[in-house]
Amino acid sequence: MTQPINLYSDTQTQPTAAMRRAMAEASVGDEQSGSDPTVNRLCHRIAELLGKEAAVFLPSGTMCNEIALAVHCRPGDEVLTDHTAHIIHFEGGGPAALAGATVQPLMGQRGVFSAEQLAKAIRPVSRYAPRTKLVSVEQTANLGGGTVWPLETLQAIKTTARDHSLAVHMDGARLFNATVAARVEPAAFAACADSVWVDLTKGLGCPFGAVLAGSGEFIDQVWWWKQRLGGAMRQAGIMAAAGLYALDHHIERLADDHQNARRLAAGLVALPHLRMELDAVATNMVFFEVTGGPMDAHALSAALEGEGVLIGAMDKTRLRAVTHLDIREADVDAAAAAVARLGERRA
Ligand SMILES: *Cc1c(COP(=O)(O)O)cnc(C)c1O
């Protein structure tokens with residue numbers, strides 16, 4: 001049987017043969033006591049890449065977000081973030097359950113809000129109000145459509161945050177998609193945040209892990225939470241080796257994913273019963289909307305699965321296709337053709 005064309009997410013990549021070899025050959029030690037040499041190398045490299053003092057290896061991006069919020073905030077403190085943010089929708093209520101934080105959603109454009117919007121949302125110090133403590137930004141903004149925050153916007157956010165003594169956290173699940181698309185150094189984006197992490201399991205194509213970076217003092221606090229939540233590991237160098245391999249081989253190629261996303265979008269834009277904005281396709285995601293016909297987004301997603309194309313429905317009207325390491329030009333052409341065929345059948 002042929003493999004389906006899996007545009008469901010960039011998390012669905014298979015580790016390559018060369019990555020598996022790097023993992024098999026990794027020298028390892030006890031990560032929990034700081035003596036896994038491969039984990040240490042990965043953390044040093046990412047800290048350096050992001051221009052931060054220190055970094056720590058964690059099992060997932062979700063744990064990076066949740067620990068960072070718990071370190072920045074005391075119970076009752078407030079986090080400001082876009083209304084589409086991963087911490088609001090996909091982390092099991094973690095900010096409330098773990099940090100005890102309350103979240104005020106901001107109405108950004110495609111996941112990006114302005115420094116003016118931020119300034120308006122910051123509460124005056126008052127015993128009636130939660131204490132606004134942290135701003136969180138997603139680079140790229142996932143439910144925003146894979147949007148890249150412009151560097152100037154992030155710099156303005158940082159200035160406003162400083163003026164009000166707020167910390168800035170950057171969810172960099174797809175930070176390298178942003179650096180490649182905008183041709184901005186990772187450290188330049190990261191300089192706008194006090195804490196920042198990158199996911200190894202998205203565009204980088206690793207099977208596991210994420211790395212959270214910040215000041216030495218911040219990372220000391222992170223280690224408490226890592227231990228507390230059971231995120232301290234043993235011979236984790238096997239996993240970190242995949243990350244080191246990906247830093248060398250899977251960053252520049254993200255440009256191919258972006259090209260394929262644009263190609264897919266170009267193939268979908270003129271189809272009947274669909275709506276999408278070509279200029280919203282900034283990185284490796286293509287969001288499109290079903291605007292009529294007999295199928296809603298869920299039905300279209302199910303019908304596509306029957307054609308060997310996996311594209312997730314986000315709700316009744318919207319679908320999201322994500323390009324990645326295992327998707328080639330011919331795959332996106334085939335996917336667009338399948339959507340077109342189903343459209344003709346629906347007409
Ligand atoms: C995937 C993702 C996360 C969570 O990362 P995991 O490694 O899947 O836990 C957080 N934020 C954003 C924007 C993501 O896309």
Side-chain angles (χ1 to χ4, degrees), residues 6-13 15 42 46 55-70 79 81-95 97-99 101 103 105-106 108 110-113 134-149 154 168-179 181 186 189-190 193 195-213 222 225-226 229-231 233 236 239-240 242-243 246 250 254 257-258 261 282-287 312 314 320-325:
N6 191 343
L7 295 163
Y8 183 76
S9 173
D10 49 7
T11 55
Q12 309 243 329
T13 49
L42 176 67
I46 290 195
V56 61
F57 190 38
L58 289 168
S60 69
T62 300
M63 203 185 277
C64 292
N65 275 338
E66 292 303 327
I67 289 181
L69 262 56
V79 180
T81 194
D82 189 75
H83 69 107
T84 63
H86 198 278
I87 57 170
I88 295 181
H89 297 284
F90 300 120
E91 300 189 7
L98 300 167
V103 179
L106 305 186
R110 294 177 185 161
V112 175
F113 51 85
L134 180 70
V135 190
S136 181
V137 296
E138 254 176 51
Q139 182 71 305
T140 63
N142 181 345
L143 291 192
T147 323
V148 179
W149 284 74
L154 286 173
V168 179
H169 172 66
M170 183 178 289
D171 170 338
R174 296 185 179 80
L175 178 64
F176 294 121
N177 292 88
T179 64
F189 283 137
S195 55
V196 49
W197 62 271
V198 293
D199 217 327
L200 304 177
T201 65
K202 303 282 168 75
L204 294 187
C206 300
F208 178 98
V211 180
L212 174 61
V222 168
W225 276 95
K226 174 173 155 92
L229 298 179
M233 295 172 277
M239 295 300 182
H250 291 171
L254 291 170
D257 296 347
H258 302 168
T283 53
N284 68 329
M285 295 185 181
V286 181
F287 280 75
M314 307 304 286
R320 184 190 76 165
V322 187
T323 56
H324 52 74
L325 193 56

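Numbering of residues begins at 1 and proceeds along the displayed sequence. Computed from heavy atoms alone, side chains included, the values below leave out hydrogens, waters and symmetry copies. Whatever order the structure lists them in is the order used to number ligands and atoms, beginning at 1.
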Q. What's the verdict on side-chain contact (heavy atoms from CB on, under 4.5 Å) for Thr81 and Val103, showing C-alpha distance, side-chain angles and the deciding distance?
A. CA-CA 7 Å; Thr81 194; Val103 179; 3.7 Å; yes

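- The distance from atom NZ of Lys226 to atom SG of Cys64, rounded to the nearest 0.5 Å, is 9.5 Å.
- Heavy atoms from other residues, nucleotides or ligands lying under 6.0 Å from CZ of Phe208 number more than 12.
- By the 3.5 Å distance cut-off applied to N or O atoms, Gly61 is counted among the residues near ligand 1.
- Nearest protein heavy-atom contact of atom 5 (O) of ligand 1 is Asp199 OD2, 3.0 Å.
- Within ligand 1, counting atoms from 1 as listed, the ones closer than 4.0 Å to a heavy atom of Trp197 are 3 (C), 5 (O), 10 (C), 11 (N).
- Looking only at distances, a side-chain donor or acceptor of Gln139 sits under 3.5 Å from a matching main-chain atom of Trp149.
- Counting heavy atoms closer than 4.0 Å to ligand 1, residue Asn65 contributes side-chain atoms (C-beta onward) but none from N, CA, C or O.
- When hydrogens are left out, the protein atom nearest atom 1 (C) of ligand 1 is Lys202 NZ, 1.4 Å; that is the closest non-hydrogen contact.
- For the side chain to side chain contact (heavy atoms under 4.5 Å, CB included) with Leu212, the qualifying choice from Val56, Val198, Val196 is Val56, the only one to do so.
- Of all the listed residues (Leu175, Asn142, Asp171), Asp171 holds the heavy atom that lies closest to atom 12 (C) of ligand 1.
- The shell of residues lying under 4.0 angstrom from ligand 1, judged by heavy atoms, excludes Phe208.
- Note: no N/O pair closer than 3.5 Å links Glu91 and ligand 1 by distance alone.
- Side chains of His324 and Asn284: a donor-acceptor N/O pair is absent below 3.5 angstrom, by distance only.
- Residues Trp197 and Phe57 keep their aromatic ring centres 6.0 Å or farther apart.
- Ligand 1 places these atoms under 4.0 Å from at least one heavy atom of Glu138: 13 (C).
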